[in-house]
Amino acid sequence: MSIETTPASTPDPEFERLVAGFVDTADSPLLQKTTDTPVNHPDLLGDTPLTPEWVRTPAGWRTRAAVGKVNSTRTFRRWVRRQSTEHGHTAQVFRGMRRTFLWIQGTEGVQVATARREVQQAQADYKTAKWGHDKRLIPGPEKHKRRGEMEKAFGNSVTAMAKYKSTRRDARTRRAIRGAFALSPIAAAEGAGLYLAGGTGGLIATGATFAALALIGRRTMGGELYTDRDAKFGDTHKLTDTMLTHVYQNARVINTDDTLTLLTPCTLTADGQAWEVVFDLPSGIPTKKALTAKEAVAGALGVAVQQLNQGRGDREGRIRLRVSLNLPFTGEPTPGPLLAVDSMNLWQAIPMGVNLRGQEVSTSWVERSGLFGGEPGAGKSAAANDLLLAAALDPTVSLYLCDGKAGADVTPFEQVAAMYDTDGDPERLLEILQHIWDVEIPRRRILAKEHGSRKLTAAMAAKDPRVNLAVLLVDEWSSYGAAADRKVREELERLLRLIVQQGRALGIITLCATQKPDSDSVPTGIRDILSIRWAMRCLTPQASDTILGQGYAAAGHNAQDILKSQRGVGIYMDGEEAEPELTRGYYYDDDEVALLLDRAYELRAKAGTLPAGSVSLADQLRAMDDGDAWVLAVLLDTFDTHVGDDETRFEWLPGTVLIDALTAAGFPLSADSLGRLVVRTNDEKAKRTWDGNRSAGYPRSRVLATVRDRFGLGE
């Protein structure tokens with residue numbers, strides 16, 4: 001048989017195409033990128049899953065050193081505990097010495113003992129025969145017979161003694177040979193060690209001797225060997241194939257004679273924080289059986305439930321297992337990515353948090369709605385901020401914010417919100433929902449019809465600036481319902497359901513948040529049509545199921561398992577068909593929120609999309625293409641910049657001060673021209689004292705009246 005080879009210079013286009021397609025796959029299991037390895041070239045021979053390239057980077061060496069240090073400490077502790085058992089190395093050395101001695105002694109001792117016994121018996125027979133012969137009163141023939149027996153017994157005794165001496169001599173020779181064979185290596189090692197390295201070499205040789213004796217005595221007298229097959233992951237921080245099978249056997253997921261089929265080896269992740277593996281359960285065992293046995297699997301592994309993450313594979317019976325070395329998401333939160341951007345486009349996916357693998361979780365909220373829930377302090381408001389801040393940084397998005405608990409979570413957004421309620425007033429919520437239903441949705445329907453479509457899209461927004469998104473936040477619906485009468489509550493529920501159902505295709509994103517996830521917090525008819533779910537820490541599995549959907553807690557996705565120390569962590573489900581995964585939302589503190597909202601205000605002021613109530617009267621005047629409006633804007637700014645010692649604003653200023661301000665701003669007006677623009681009454685023309693002099697001036701109220709009369713604007 002011959003092996004046909006292809007010359008290295010001969011290209012294979014088909015192979016190159018397959019390899020290129022495999023390497024370029026973003027989610028390829030062979031690609032593990034770190035800051036030290038920005039571009040990871042996979043090993044096409046298949047070694048990468050066993051020895052990833054990141055291991056050879058500085059980060060990889062640091063990770064391996066840290067894991068090795070932990071494992072060394074744990075291994076030493078297990079060794080100390082082992083010494084008190086029959087598998088201890090001291091017991092093994094003594095067993096090795098005993099077995100070596102027994103081997104040297106051999107089985108010849110039995111032959112020697114047998115020969116000795118034969119000698120003793122022959123001597124006893126001779127003594128008996130001699131005593132019978134020595135009797136004097138025995139007749140002649142009888143005495144002659146006994147003499148023959150005595151001589152025969154004597155001959156047997158001599159023969160037995162000769163055999164005994166021969167057997168003993170042979171046994172000593174064999175024992176000496178075996179002893180020399182057993183002791184020669186020890187003597188040679190000791191001699192060589194002392195000759196080459198002195199006392200140190202002698203100690204090394206002695207240690208090698210003890211190690212050899214321990215190896216000989218590794219089995220107990222019952223024939224048992226020491227094994228760490230029952231060692232738990234929590235003790236070793238190392239996951240092996242054998243351990244994995246025993247874990248699922250001990251958890252009663254598979255039978256004791258079943259084994260798991262590993263599709264990938266047990267591999268330490270690139271960040272050194274967890275072990276991951278993908279495997280198939282034995283035929284006929286459903287995935288749900290493994291998912292529902294989460295506590296039993298965690299107990300068999302020797303880790304906390306929060307360290308275990310089991311996910312469904314791409315088919316039934318396949319499990320993606322991740323076991324974290326430490327409790328995940330208990331350190332400092334990841335800095336929010338919005339701090340590093342100038343603006344956002346809500347038509348695209350926005351970052352919501354980080355999953356267990358350290359990967360960013362991004363979600364497209366277009367034609368979507370969401371429900372965030374969890375007990376107080378779980379991080380629900382911080383999670384909602386991921387969407388609200390991104391929406392605020394998109395100057396085209398309209399914000400409608402309603403806080404039923406009358407807290408301060410949405411107060412910072414007031415300056416950029418189209419409408420808001422921070423008092424938990426059901427009448428105000430009704431007004432906001434009515435505005436969206438009566439104004440926003442009809443306007444958006446007309447826009448969609450103009451574009452010949454039933455919904456608004458990003459392509460339309462790129463061509464038509466009138467097409468934009470809107471975000472409606474309703475926090476603590478139950479508080480609104482408790483404060484409203486029956487008719488108002490029913491109308492609120494009707495409008496919210498209509499907005500969620502019909503507004504999603506028209507660019508209206510609805511987010512409901514609640515601290516007590518039940519049918520009273522968010523009506524069932526509304527909750528069922530909210531597609532994106534995020535279950536923060538809950539007190540009961542039923543509360544977790546209220547957010548994620550019935551049956552998810554039983555399938556291993558139970559928000560009750562989230563610890564209080566894991567604030568901002570929840571089970572995130574991006575859509576109806578998405579698999580829930582543990583995700584930690586980005587956190588922005590108060591200063592960062594203020595910074596982002598200041599940036600959002602500037603973006604909206606520049607784009608002219610600030611709500612009317614958020615734009616100062618002077619800015620509204622400057623936005624007009626009118627010279628008198630600009631003059632009035634300068635007058636209002638002058639009143640705002642002149643304050644007294646007690647920080648109170650002056651309500652009257654001399655005409656000379658106003659004219660000087662106008663001149664500095666590039667609008668030189670005479671006193672008569674200013675008087676014709678801002679018409680005063682006779683009482684208002686009266687002079688007043690200013691800096692010790694009597695001067696004519698203008699009250700601020702008259703400037704405001706002029707703005708209202710001329711341009712229809714006012715405070």
Side-chain angles (χ1 to χ4, degrees), residues 50-51 61 63-109 174-247 249-250 256 265-266 268 272 275 299-303 323 325-326:
L50 299 176
T51 308
W61 283 111
T63 299
R64 295 175 70 185
V67 174
K69 180 180 179 181
V70 173
N71 285 343
S72 298
T73 303
R74 293 177 181 271
T75 301
F76 175 74
R77 292 174 179 173
R78 290 198 308 276
W79 180 85
V80 171
R81 290 194 297 267
R82 175 183 173 182
Q83 301 315 303
S84 61
T85 68
E86 62 180 349
H87 294 290
H89 287 89
T90 302
Q92 287 186 202
V93 169
F94 279 107
R95 280 200 302 270
M97 294 174 62
R98 180 182 177 185
R99 285 172 178 162
T100 302
F101 175 77
L102 291 175
W103 179 78
I104 292 174
Q105 188 177 23
T107 60
E108 290 82 7
R174 291 176 180 272
R175 288 171 182 169
I177 293 173
R178 285 195 295 267
F181 182 79
L183 297 177
S184 293
I186 299 176
E190 288 288 346
L194 292 172
Y195 177 76
L196 296 175
T200 303
L203 292 176
I204 295 174
T206 302
T209 301
F210 285 137
L213 292 173
L215 182 64
I216 295 172
R218 67 188 186 280
R219 288 186 180 271
T220 64
M221 302 310 295
E224 297 177 353
L225 276 173
Y226 173 77
T227 175
D228 59 351
R229 58 171 288 179
D230 295 327
K232 296 182 181 295
F233 175 84
D235 297 326
T236 63
H237 274 192
K238 183 177 181 180
L239 189 65
T240 64
D241 304 356
T242 304
M243 178 191 295
L244 193 64
T245 296
H246 290 317
V247 163
Q249 289 175 346
N250 295 336
T256 54
C266 299
L268 186 67
W275 286 77
L301 282 168
V303 298
V323 187
L325 274 65
N326 303 294

* Structure fact -> So CD of Q249 and CG of L244: to nearest 0.5 Å the spacing works out to 10.0 Å

* Asked: Measuring from R219:CZ to R99:CZ, what's the distance to the nearest 0.5 Å?
  -> 8.5 Å

* Structure fact -> Note: V93 and L213 closest approach over all heavy atoms is O-CB, 4.0 Å

* To the nearest 0.5 Å, how far apart are CD1 in I186 and OG1 in T100? -> 7.5 Å

* Asked: Looking only at heavy atoms, which two atoms of R218 and L215 are closest? And how far apart?
  -> NH1-O, 2.8 Å

* Hey, are the side chains of H89 and F210 touching, using non-hydrogen atoms and a 4.5 Å cut-off? -> no

* Asked: Do the non-hydrogen side-chain atoms of R95 and Q92 ever get within less than 4.5 Å of each other?
  -> yes

* Structure fact -> When rounded to the nearest 0.5 Å, the distance separating OG1 of T220 from CD of E86 is 5.0 Å

* Asked: What heavy-atom pair brings A205 and A189 nearest, and what distance separates the two atoms?
  -> CB-O, 3.4 Å

* Asked: What residue pairs, at least two apart or across chains, pass side chain to side chain donor-acceptor pair (under 3.5 Å) with a residue in residues 193-217?
  -> E190-T206

* **Interatomic spacing from CZ in R175 to CZ in F101 - rounded to 0.5 Å** => 8.0 Å

* **I104 side, atom CD1; I177 side, atom CD1 - distance, nearest 0.5 Å** => 12.5 Å

* Please state whether the rings of F233 and W275 are parallel, tilted or perpendicular, taking 30° and 60° as the class boundaries. => perpendicular

* Asked: Is there side-chain contact between D241 and P265, with heavy atoms separated by less than 4.5 Å?
  -> no

